[in-house]
Amino acid sequence: MAYDHRSIEAHWQRYWDEHDTFRARRREGRPKLYILDMFPYPSGAGLHVGHPEGYTATDIVARYSRMKDIDVLHPMGWDAFGLPAEQYALQTGTHPAVTTQKNIATFKRQLKSLGFSYDWSREVDTTDPNYVRWTQWIFLQLFKKGLAFQDLVTVNWCPLLGTVLANEEVIDGKSERGQHPVERRPLRQWMLRITEYADRLESDLEGLDWPRGTLLMQKEWIGRSEGATVTFRIQGHPESFEVFTTRPDTLFGATYCVLAPEHPLIQTIVTDAERSAVTAYVAKAKNRAERDRAASKQKTGVFTGAYALNPVDDKPVPIWIADYVLMSYGTGAIMAVPGHDGRDWEFAKAFGLPIVEVVKGGNVSEAAYTDSEDGELIHSGLLDGLKPPAAKLRILAFLEERGLGTKKVQYKLRDWVFSRQRYWGEPFPIYFPVTTDGDPRTCAHTVHFDQPIAVEESELPLRLPDLEDFKPGDDPAGPLARAVDWRFFQKDGKWFARETNTMPQWAGSCWYYLRFVDPTNASAGWSPEAAKEWLPVDLYVGGAEHAVLHLLYARFWHKALFDLGFVSEPEPFKRLVHQGLILGEDGEKMSKSRGNVINPDDIVKAHGADVVRLYEMFMGPLEAVKPWQSTQIQGVVRFRDRAFTVGSRTTTDSIDAATQRLVHKTIKKVGEDIDRLAFNTAISALMVLVNHLQPQDPVPKEAARALALLVSPFAPHLGEELWSRLGHAQTLAYEPWPTFDPALVTEDTIELGVQVNGKTRGTVRLQKDADADVARALAEADGEVIRFLAGKEVKKFIYVPGRIINFVVG
RNA sequence: GCCGAAGUGGCGGAAUGGUAGACGCGGCGGAUUCAAAAUCCGUUGUCAGCGAUGGCGUGUCGGUUCAAGUCCGACCUUCGGUACCA
């Protein structure tokens, strides 16, 4: 009897819907699990095979946990603001809201067709005014707390496209789209003071059950480093400049200084002889994206003609300009110690600058010696003979005494540029006073950006105006600036102007996990009770591309909300796992242009949802990057069909010992594998069970029951179908997960490898806990082993019960 | 450049420092069939050998260990991130 996946899967999906099977419920005193997926951006392309990968993984854990009588919150929603909808609107004139709703409908249909056990009553949409309202509300809390402020930020401005571009959209100073020139230009932006949380964002990483690499990346991104600022006076000028260094101990080895091309002192100190070269270099560097600058192997730079005075000995050192020094880190100026810093060394080599050794231990004519713990200071006056850590303390004391430097903790983390000059985002709930002679919509006017005013919380949400034209235009204020009737309003006879920037897509995704605990609350983003019931998120699964930005931004918001008393846990996501990228059949990243995109709909149609789920979980470890292979699908189709055939046979109460052992071993293995998210090996164990049962007809009832229950988290439609065929009227979603008898999962006798000098030469079968003499006697009797031991002296005999026997012979 | 991850048969992969290659795909052989598909059974790292069996094998080079895919060091390659794609 063939398995008709179409009707069976449709039947069970209808059943779950009608019975509200997966509605989250919280019972007093029960354990809970909040299992969260990174919610998708509902793109026009529809679901990608990468989505069901992570979503199946969490669904397996959710279904398994319900069967273990744990209260489960497993929600889904839409991260629906964003650029593609706006760009589509630009091309077609369709309002982004329309496109977005259409795409959401498609995504929802697709996700439902895969049988995920979401509590759909909690669905959220970041563009829904009822959601935007609370995004804006959180922004206002940040604003009132002084964490949101405005600043001038240098951005990639493309005058022809009329828009700000991401670094990756700028290639060699030209826009990726259209090859138009791009200039670096300061623009008024809203910023969030994430740097205020740098310390805690770093220290609280400890104790999170996250991938080690992700923790390291966040730590590195925050980039805490302890060092000092040192003041350098400039020869023949009243001005001085500060540098930040992590190695003040090497100050005697500073043979030149470097300013970032944007450094404000450049025009003051440059000599006439060097002026034209400097101006040309600065102009060129100015329009290079920071990433280009940091990535280039070849160091470039130019001499200013000016000299700085080393504070330790007043010796003049040349001041250079180079784009490997970034204005956005530290003070935008460095003291260069080529003997003990790799980049300074390369620069000095390239420009023939002197390299002085001040820490013994390496060979500075070959490479910089960068060890900051070991070595001995030389050529360093008062520091001579010290080790670097001691030298640091000594020089700091010296500098502080003279007011020439001080201890300083520096972070790489920068404040977060939080505004975008786009249409399809949350409007800022902020307005400004306007000075005008008449009606600012038609008359000349001045907007006082330095006096931002918060919109009353009771007036939220502040909705987007309806626009016909979403083009950015030539006004860097963004498209909302053209909605003059929305932008300008009168209050108490005075004119005001709304902020016309919008928030970035991050805003909505920074707190959606909070909304899920209380999604329909109309008087708050969430209630403290609901938050206590479900937070923190126990398992969060999503792509590694979010390792830093999204996960750091969300942690930052969470901590700010924690400080304000709106949540009671300092961290939002307890356990984090990244699913690996699924590549195309050609081993390349899936993309429309390569034509290697697999549409999950096609696989569902041809083979069923359970097959998509089983295949994606069987492909390999969840976290591994792995290529799609259509030919492999056949394997899980066979498994699914065979499991159905075997599981729907008539059953018998009798069971042979070997089958019983295997059933119990499988229960153990599948449970343990789900716990460690090793779904590929869990499915493999289920295949072994089914293969074992294949020749048995009738099939033992105990085995058939276990099969239906164990397979159900992976292939829920199949599981339910088998369960109902076993005579059950109810769903198995809350059926207790089967337990195993420990006595039945261990063998009495085992086969053990016998090695001679570490090479396996034979095997012996013995009691699991046999003692060494018995093991040795058995091993020495093995035909192969005899040959390899013949005529040799056994120097050592190693027996690790249950593991190995090894003869070391001479 | 910097930060992070990964390299195992023809392919996807398995393996608490302990018999490398579970499970699956593909291949080969067989059963079934008028024939095929589907299904079922067997076999399959590689080289040498009729065979028993032996040599070689987890990106490269070196090290630790009775024993290394696994631990340590250096390197190579691929992938992710690099702050306005999210």
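Here the structure is a predicted model, which is why all the values come from computation and not from measurement. So you know, we letter chains A, B, ... as the sequences are listed, proteins then strands, and number each from 1.
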Report the nucleotide, chosen from [options], that has the shortest atom-to-atom distance to any side-chain atom of [X].
X: Met687(A); options: C23(B), C84(B), G26(B); value: C23(B)
X: Gln632(A); options: A20(B), C25(B), A14(B); value: C25(B)
X: Met217(A); options: C11(B), G18(B), C3(B); value: C3(B)
X: Thr631(A); options: C25(B), A83(B), C66(B); value: C25(B)
X: Gln694(A); options: C66(B), C40(B), G18(B); value: C40(B)
X: Phe618(A); options: C41(B), G18(B), C23(B); value: C23(B)
X: Gln629(A); options: C84(B), A20(B), C11(B); value: C11(B)

Indicate whether OP1 or OP2 belonging to [N] is found under 4.0 Å from a side-chain N or O atom of [X].
X: Arg212(A); N: A5(B); result: yes
X: Arg638(A); N: A38(B); result: no
X: Arg642(A); N: C23(B); result: no
X: Lys589(A); N: G80(B); result: yes
X: Asn806(A); N: U19(B); result: no
X: Arg787(A); N: U53(B); result: no
X: Lys759(A); N: C56(B); result: yes
X: Arg420(A); N: C84(B); result: yes
X: Thr681(A); N: C23(B); result: no

request  = Kindly label the base of G42(B) as syn or anti, based on whether its glycosidic torsion lies within 90° of 0.
outcome  = anti
query = Is the number of heavy atoms from other residues, nucleotides or ligands under 6.0 Å of Lys668(A) NZ greater than 12?
reply = no
request  = Establish whether the base of C79(B) is bridged to the side chain of Glu545(A) by a donor-acceptor pair shorter than 3.5 Å.
outcome  =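 A donor-acceptor contact between them is absent.
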request  = Check if the side chain of Gln421(A) and the base of C84(B) share a donor-acceptor pair of N or O atoms closer than 3.5 Å.
outcome  = yes
Which part of the nucleic acid does [X] contact within heavy-atom distance under 4.0 Å: base, sugar-phosphate only, or nothing?
X: Asn691(A); answer: sugar-phosphate
X: Met619(A); answer: sugar-phosphate
X: Phe39(A); answer: nothing
X: Val625(A); answer: sugar-phosphate
X: Asn680(A); answer: sugar-phosphate
X: Lys669(A); answer: nothing

message = Let me spell it out: for each of Ile633(A) and Pro84(A), pick the nucleotide of RNA chain B with the closest heavy atom. Which residue's pick is nearer the 5' end?
response = Ile633(A)
note = Judged by nearest nucleotide, the residue sitting upstream toward the 5' end of RNA chain B, Arg343(A) or Glu751(A), is Arg343(A)
inquiry  = Can you tell me how the ring of Tyr615(A) sits relative to the ring of Trp628(A), calling it parallel under 30°, perpendicular over 60° and tilted otherwise?
reply    =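 If you compare the ring of Tyr615(A) with that of Trp628(A), the planes turn out perpendicular.
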query = Angle class for the His546(A)/Trp506(A) ring planes (parallel below 30°, perpendicular above 60°, tilted otherwise)?
reply =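 Perpendicular: the ring planes of His546(A) and Trp506(A) meet at over 60°.
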query = Between which residue ranges does RNA chain B form stems of three or more consecutive Watson-Crick or G-U wobble pairs, both distances under 3.5 Å?
reply = B:1-7 with B:76-82, B:10-12 with B:23-25, B:26-31 with B:39-44, B:45-48 with B:53-56, B:59-63 with B:71-75
request  = May I ask you to establish whether Lys796(A) and Phe807(A) are in a cation-pi arrangement, using a distance under 6.0 Å from NZ or CZ to the six-membered ring centre and at most 45° from the ring axis?
outcome  = no
Considering only atom [atom1], compute the distance from [N] to [M] and round it to an integer number of Å.
N: G73(B); M: C79(B); atom1: C1'; result: 24 Å
N: A67(B); M: U53(B); atom1: C1'; result: 24 Å
N: G17(B); M: G69(B); atom1: P; result: 13 Å
N: G62(B); M: A48(B); atom1: P; result: 26 Å

ask   = Are the side chain of Tyr55(A) and the backbone N or O of Met38(A) linked by a donor-acceptor pair below 3.5 Å?
value = yes
task = I would like to know whether Val155(A) and Gln189(A) meet side chain to side chain contact (heavy atoms under 4.5 Å, CB included); could you show each step before the answer?
result = CA-CA 10 Å; Val155(A) 296; Gln189(A) 303 280 4; 3.5 Å; yes
query = Which atom pair, heavy atoms only, marks the closest approach of Thr135(A) to Met503(A)?
reply = CG2-SD, 4.2 Å
task = From the options Tyr512(A), Trp78(A), Tyr513(A), select the one residue that forms a ring pair (Phe, Tyr, Trp, His ring centres under 6.0 Å) with Phe39(A).
result =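 Among the candidates, only Tyr512(A) passes.
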query = How about Asn501(A) and Arg420(A): does a side-chain donor come under 3.5 Å of a side-chain acceptor?
reply =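 Short answer, no.
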